[in-house]
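For reference, the structure discussed in these notes is given below.
Heavy-atom basis, side chains included; hydrogens, waters and symmetry copies ignored.
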Amino acid sequence: MTPQPTQGGAPPIAAGRLWAAGAATAVVAALIAVVGILLARGVFDVPVLAPEGEGTWGDADTMTYALFCALAALIATGLLHLLLASTPRPFEFFGWIIGLATVAAAAAPFVAGGNTNSKIATAVINLAVGTAIGTLLSSAGHSAARGLN
């Protein structure tokens with residue numbers, strides 16, 4: 001089904017396709033978080049998001065972290081939808097916003113307490129999640145809004 005032009009002459013957006021991609025991106029973001037934590041704890045023995053005695057899976061913080069990563073992907077989908085509907089050159093703005101948010105998320109562990117290995121592992125996980133969200137949604141946005149710059 002071809003998207004219909006929106007009110008005011010804004011470019012058409014295949015919203016269903018965009019939000020389906022956003023949901024898939026949320027799953028990917030959550031899985032990156034879980035796999036990153038498993039690798040950090042299980043392979044490198046770095047206590048990310050849990051005290052050292054908690055084991056590879058740690059406590060409920062792992063799932064909470066994964067859910068927040070999924071929520072970040074859904075928020076980014078909403079942002080992209082808003083930009084596509086209202087902003088000239090939406091992909092440039094989206095790239096800048098997601099890029100800066102990813103840098104902030106990667107830097108955030110270094111302003112908190114904890115050991116250096118935990119900070120580095122958390123920063124790497126945050127960087128991977130942000131990169132995945134940015135690249136997957138940008139690609140989906142291009143597909144959902146053919147002909148936009």
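Between H142 and F91, the ring planes are parallel. Angles under 30° get that label, and only those over 60° would be called perpendicular.
Note that CD1 of I32 is 11.5 Å distant from CG of L39, once rounded to the nearest 0.5 Å. To the nearest 0.5 angstrom, N117 atom CG is 10.5 Å from T122 atom OG1. Of the inter-residue distances, the one linking L74 atom CG with I133 atom CD1 reads 9.0 Å to the nearest 0.5 angstrom. Going from atom CG of L137 over to atom CG of L79 covers 9.5 Å, rounded to the nearest 0.5 Å. I98 contributes atom CD1, which lies 10.5 Å from atom OG1 of T131 (distance to the nearest 0.5 angstrom).
W96 belongs to a hydrophobic cluster whose remaining members, ordered by chain and number, are L100; membership requires side-chain heavy atoms of ILVMFWY residues under 4.5 Å apart, directly or through intermediates. Summarising the hydrophobic clusters (Ile, Leu, Val, Met, Phe, Trp, Tyr; side-chain heavy atoms under 4.5 Å, direct or chained), the residues clustered with V27 are L31.
For residues 23-33, the set of pairs meeting the side-chain hydrogen bond (donor to acceptor under 3.5 Å, both in side chains) definition, not counting sequence neighbours, is empty.
The shortest heavy-atom contact between S86 and L82 is OG-O, 2.6 Å. The minimum heavy-atom distance between A144 and L18, with the atom names listed, is CB-CB, 3.9 Å. Between A30 and A70 the shortest heavy-atom distance is CB-CB, 4.2 Å. For C69 against A29, the heavy-atom pair with the smallest separation is O-CB, 3.6 Å.
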Exercise. When you look at I125 and V35, which way does the side chain to side chain contact (heavy atoms under 4.5 Å, CB included) test go after all the steps?
Worked result: CA-CA 9 Å; I125 294 167; V35 168; over 6 Å; no
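Inter-residue side-chain proximity for L84 and F94 is flagged as unmet; no heavy-atom pair is nearer than 4.5 Å. In this structure, T135 and S139 have side chains that are not in contact, with every pair of non-hydrogen atoms separated by 4.5 Å or more. Counting heavy atoms from C-beta outward, Y65 and V48 have side chains that stay 4.5 Å or more apart. At a threshold of 4.5 Å between non-hydrogen side-chain atoms, the residues P47 and R41 do not count as touching.
Of the possible polar contacts, one joining the K119 side chain to the A112 backbone as a donor-acceptor pair under 3.5 Å is found.
Note: the hydrophobic cluster containing I75 also contains F68 (ILVMFWY, side chain heavy atoms under 4.5 Å, direct or indirect links). Transitive grouping of hydrophobic side chains (ILVMFWY, heavy atoms separated by less than 4.5 Å) keeps I120 and L38 in distinct clusters. I13 is not connected to W19 by any chain of hydrophobic side-chain contacts under 4.5 Å among Ile, Leu, Val, Met, Phe, Trp and Tyr, and they are in different clusters.
Around the CZ atom of F110, the shell of radius 6.0 Å holds more than 12 heavy atoms that belong to other residues, nucleotides or ligands.
Scored by the side-chain contact (heavy atoms from CB on, under 4.5 Å) test, A105 finds N126 as partners (sequence neighbours excluded). A search for side-chain hydrogen bond (donor to acceptor under 3.5 Å, both in side chains) contacts involving T87 returns nothing, not counting sequence neighbours. Residues that satisfy the side-chain contact (heavy atoms from CB on, under 4.5 Å) test with F44, not counting sequence neighbours, are V46.
Neither side chain, T64 nor D61, offers a donor N or O lying under 3.5 Å from an acceptor on the other.
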